[in-house]
Amino acid sequence: QTSDLIYFANELVLSHKPSKIFIYEGDNDLAEGKSVDIVLADMKTLFHVIRRQLPDTPIYLISPKPSPARLALRPKYEELNYLLSYLCPERDITFINLWDEMIDEFGDVKEDLFIEDGLHMNQDGYKIMAQAIVSHLN
């Protein structure tokens with residue numbers, strides 16, 4: 001969860017002085033019952049913690065993905081992604097939108113991107129994520 005990454009930010013991120021930071025958070029936060037407001041506040045705190053130590057390091061936030069196992073939470077996911085898509089540019093952070101790549105033309109989750117549990121992605125799902133990230137590696 002985002003709060004865990006904040007707590008372990010020095011050990012997991014800051015001490016390594018990375019040239020770029022890619023973050024995937026928010027998915028488990030919502031699944032554990034945190035409100036969109038709390039997750040957004042945690043993201044703001046995380047961004048502040050990183051910027052305080054690494055002010056010039058590019059940050060990329062990968063959107064929480066849709067998944068068949070968490071369809072009941074879809075409105076929260078959509079709200080969080082919408083808010084993050086506006087927050088990130090304000091903080092000079094690149095928002096990488098996976099959501100739109102993982103739904104079909106009818107707005108339904110592409111279930112063939114997931115393993116049997118309906119939560120974790122299969123090779124095709126991770127290929128979408130990898131392609132979204134690779135474009136930011138150069």
Side-chain angles (χ1 to χ4, degrees):
Q1 294 183 36
T2 308
S3 56
D4 297 319
L5 184 52
I6 293 166
Y7 184 81
F8 291 105
N10 190 56
E11 181 180 343
L12 296 175
V13 181
L14 304 174
S15 65
H16 300 283
K17 296 184 175 36
S19 61
K20 294 182 179 188
I21 299 171
F22 289 84
I23 300 169
Y24 180 78
E25 288 291 349
D27 199 343
N28 290 334
D29 300 69
L30 293 177
E32 287 298 317
K34 289 184 179 176
S35 71
V36 169
D37 290 338
I38 289 174
V39 179
L40 196 63
D42 283 349
M43 290 287 188
K44 289 176 182 179
T45 299
L46 176 61
F47 298 156
H48 176 75
V49 166
I50 294 170
R51 287 283 188 234
R52 189 177 58 224
Q53 295 287 325
L54 303 170
D56 299 321
T57 302
I59 300 172
Y60 301 85
L61 180 67
I62 303 163
S63 71
K65 65 176 174 23
S67 60
R70 294 182 175 166
L71 284 179
L73 296 171
R74 183 175 180 155
K76 287 186 174 190
Y77 278 76
E78 289 175 329
E79 181 183 1
L80 179 61
N81 280 329
Y82 175 80
L83 294 171
L84 290 171
S85 74
Y86 283 93
L87 173 67
C88 287
E90 291 174 359
R91 306 282 170 112
D92 194 28
I93 294 166
T94 301
F95 183 72
I96 300 174
N97 183 353
L98 287 185
W99 188 276
D100 291 347
E101 296 294 321
M102 299 186 82
I103 57 173
D104 65 20
E105 64 272 14
F106 304 107
D108 297 323
V109 177
K110 296 178 183 176
E111 294 187 17
D112 61 334
L113 299 175
F114 295 86
I115 62 172
E116 295 76 28
D117 67 3
L119 177 62
H120 297 96
M121 295 181 292
N122 61 24
Q123 185 175 2
D124 292 334
Y126 280 110
K127 191 178 294 182
I128 290 172
M129 181 182 272
Q131 288 171 343
I133 292 170
V134 164
S135 65
H136 300 285
L137 291 178
N138 297 328

Heavy-atom nearest pair, P55 first then R52, reads CD-O, 4.4 Å

Is the backbone of W99 close enough, under 3.5 Å, to the side chain of N81 for a donor and an acceptor to pair up by distance?
no

Next on the checklist: Is the shortest side-chain heavy-atom distance between L80 and P64 below 4.5 Å?
Outcome noted: yes

Note to self: If we count only N and O atoms by modelled type, under 3.5 Å, do the side chains of S3 and K34 hold a donor and an acceptor together?
What the structure shows: yes

Between the CG atom in L113 and the CG atom in N122, the distance rounded to the nearest 0.5 Å is 6.0 Å

Rounding to 0.5 Å, atoms OG (S67) and NZ (K110) come to a distance of 15.0 Å

OG1 of T45 to CD1 of I50, rounded to nearest 0.5 Å, is 11.0 Å

Test side chain to side chain contact (heavy atoms under 4.5 Å, CB included), reference K65, set I128, L119, I103, N97, output is L119

message = Check for me, please, whether I23 and F8 land in the same ILVMFWY cluster - side-chain distances under 4.5 Å, paths through other members count.
response = yes

For the pair H16 (side chain) and E11 (backbone), establish whether a donor and an acceptor sit closer than 3.5 Å, ignoring hydrogens and angles. yes

To the nearest 0.5 Å, atom CE of M43 lies from atom CG of L5 at 9.0 Å

Q.
Between N10 and S15, is there a side-chain donor-acceptor contact under 3.5 Å, judged purely by atom types and distance?
A. no

Closest non-hydrogen contact found for D92 with R51 is O-NH2, 2.7 Å

Hydrophobic cluster membership, Y24 vs I38, 4.5 Å side-chain cutoff: no

Give a yes or no on whether the backbone of L54 and the side-chain of K17 come within a donor-acceptor separation of less than 3.5 Å.
no

**Request:** Measure the shortest side-chain to side-chain distance between H48 and R91 over non-hydrogen atoms and say whether it is less than 4.5 angstrom.
**Result:** no

* **Side chain to side chain, F95 and I62, heavy atoms closer than 4.5 Å** => no

| Y60 vs H136 aromatic rings, parallel, tilted or perpendicular, using cut-offs 30° and 60°? | tilted

d(M102 CE, D108 CG) to nearest 0.5 Å is 14.0 Å

The residue among T94, L137, L61 that forms side chain to side chain contact (heavy atoms under 4.5 Å, CB included) with F22 is L137

Correct closest heavy-atom pair for G26 and V39 would be CA-CG1, 4.1 Å

Linking I/L/V/M/F/W/Y whenever their side-chain heavy atoms sit closer than 4.5 Å, directly or via other members, would I96 and Y126 fall into one cluster?
-> yes

Closest non-hydrogen contact found for E25 with Q1 is OE1-C, 3.1 Å

In short, I93 meets I59 closest at the heavy-atom pair CG2-O, 3.4 Å

Item checked: CA sep, side-chain torsions, deciding dist, call: D27, R70, side chain to side chain contact (heavy atoms under 4.5 Å, CB included) -> CA-CA 9 Å; D27 199 343; R70 294 182 175 166; 2.7 Å; yes

Checklist line | Check: P18 and V13 side chains under 4.5 Å, non-hydrogen atoms | finding: yes

Scanning both residues in full, the closest heavy-atom pair of F114 with P66 reads CZ-O, 2.9 Å

| message | Determine whether a donor-acceptor pair (N or O, by modelled atom type, separation under 3.5 Å) exists between the side chain of D29 and the backbone of E32. | response | no

- Query: According to a 4.5 Å side-chain heavy-atom criterion applied to Ile, Leu, Val, Met, Phe, Trp and Tyr, with indirect links allowed, do L98 and I115 form part of one hydrophobic cluster?
  - Reply: no

d(L40 CG, Y86 OH) to nearest 0.5 Å is 14.0 Å

